[in-house]
Amino acid sequence: MILPVTTPKNRKASGSMTNHKLNFTFMKYKSFSIIIVFIIVLSSCSKDEEFKTIAPASIAFVHEDGSALLQGECINPNTNYALLVKTNSEGSGIFKATTIEYTLNGVPFIMSFMSDGEQLNPIKLVDGQNKAQIVGTPYKAYLSFNTHDNFEIVD
């Protein structure tokens with residue numbers, strides 16, 4: 001069996017290459033380890049955020065501009081109306097987006113709130129009793145609307 005003859009010059013070159021590869025590999029793992037530890041520290045140190053929750057406060061039939069309908073006011077079929085949903089905030093911190101589910105004459109709708117306050121939804125009234133209700137709450141609104149389309153003037 002013939003063994004290759006190595007000189008000190010060859011040995012040094014191959015040892016230097018091995019050390020370089022080891023140093024590079026060690027540095028690569030060290031860098032990744034530092035990044036992973038940094039991410040873990042940041043995610044574990046984040047404080048729990050507190051949110052203001054938005055809760056429904058009322059629902060009402062109003063004019064399209066948001067002005068209230070007066071008690072006993074005549075409903076004009078040529079006027080536009082809307083549904084007004086009011087909300088309040090509860091808790092402290094930043095607002096958490098909330099959806100409020102409501103029904104209008106049995107048809108479900110959803111309003112999204114980014115803060116407390118009021119939102120309008122333009123509606124078309126139906127002939128007869130109109131009912132709006134915020135789902136899961138006692139908040140309700142009623143409005144009677146009767147059209148007189150089919151009448152004749154008799155002399």
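Atom set for the values below is all heavy atoms of this structure, side chains included, hydrogens, waters and symmetry mates excluded.
Using a 4.5 Å heavy-atom cutoff, the side chains of Phe145 and Val126 are not in contact.
Here Glu64 pairs with nothing under the salt bridge (Lys or Arg N to Asp or Glu O under 4.0 Å) rule; sequence neighbours left out. Every side chain to side chain contact (heavy atoms under 4.5 Å, CB included) that Ile110 has, sequence neighbours left out, goes to Thr99, Glu101. When the ring pair (Phe, Tyr, Trp, His ring centres under 6.0 Å) test is applied to Phe95, no partner is found at least two apart in sequence or on another chain. Residues satisfying the side chain to side chain contact (heavy atoms under 4.5 Å, CB included) test with Ser144, not counting sequence neighbours, are Gln129. The side chain to side chain contact (heavy atoms under 4.5 Å, CB included) search around Ser92 returns Glu50, not counting sequence neighbours. Contacts of Gln71 classified as side-chain hydrogen bond (donor to acceptor under 3.5 Å, both in side chains), with partners at least two apart in sequence or in another chain: none. Residues satisfying the ring pair (Phe, Tyr, Trp, His ring centres under 6.0 Å) criterion with Tyr81, sequence neighbours excluded, are His63.
Here Leu104 contributes atom CG and Lys124 contributes atom NZ; the two are 13.0 Å apart, rounded to the nearest 0.5 Å.
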For residues 115-123, which side-chain N or O atoms pair as donor and acceptor with protein atoms under 3.5 Å away, sequence neighbours left out?
{"unit_1": "Asp116", "atom_1": "OD2", "unit_2": "Ser89", "atom_2": "OG", "d": "3.2"}
{"unit_1": "Gln119", "atom_1": "NE2", "unit_2": "Ser112", "atom_2": "O", "d": "2.6"}
{"unit_1": "Asn121", "atom_1": "ND2", "unit_2": "Tyr102", "atom_2": "OH", "d": "2.5"}

Donor-acceptor pairs are to be reported for all side-chain atoms of residues 131-141 against protein atoms at under 3.5 Å, with residues two or more places apart or in another chain.
{"unit_1": "Thr137", "atom_1": "OG1", "unit_2": "Ile134", "atom_2": "O", "d": "2.9"}
{"unit_1": "Thr137", "atom_1": "OG1", "unit_2": "Tyr139", "atom_2": "N", "d": "3.2"}

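The two atoms that bring Phe113 and Ile54 nearest to each other are O-CD1, 3.6 Å, heavy atoms only. Closest heavy-atom contact between Asn130 and Gly128: ND2-O, 3.4 Å. Scanning all heavy atoms of the two residues, the minimum distance from Asn88 to Ala57 falls at ND2-CB, 3.4 Å.
Grouped by direct or indirect side-chain proximity (heavy atoms under 4.5 Å, Ile/Leu/Val/Met/Phe/Trp/Tyr only), Leu70 sits alone.
Following chains of ILVMFWY side-chain contacts shorter than 4.5 Å, one cannot reach Leu69 starting from Leu84, and the two form parts of different hydrophobic clusters. Linking ILVMFWY residues whenever their side-chain heavy atoms come closer than 4.5 Å, directly or via other members, places Met111 and Leu83 in the same cluster. Taking hydrophobic clusters as Ile, Leu, Val, Met, Phe, Trp and Tyr residues chained together by side-chain heavy-atom distances below 4.5 Å, Leu125 does not share a cluster with Tyr142. Hydrophobic cluster membership is shared by Val85 and Phe109, with clusters built from Ile, Leu, Val, Met, Phe, Trp and Tyr side chains linked at under 4.5 angstrom.
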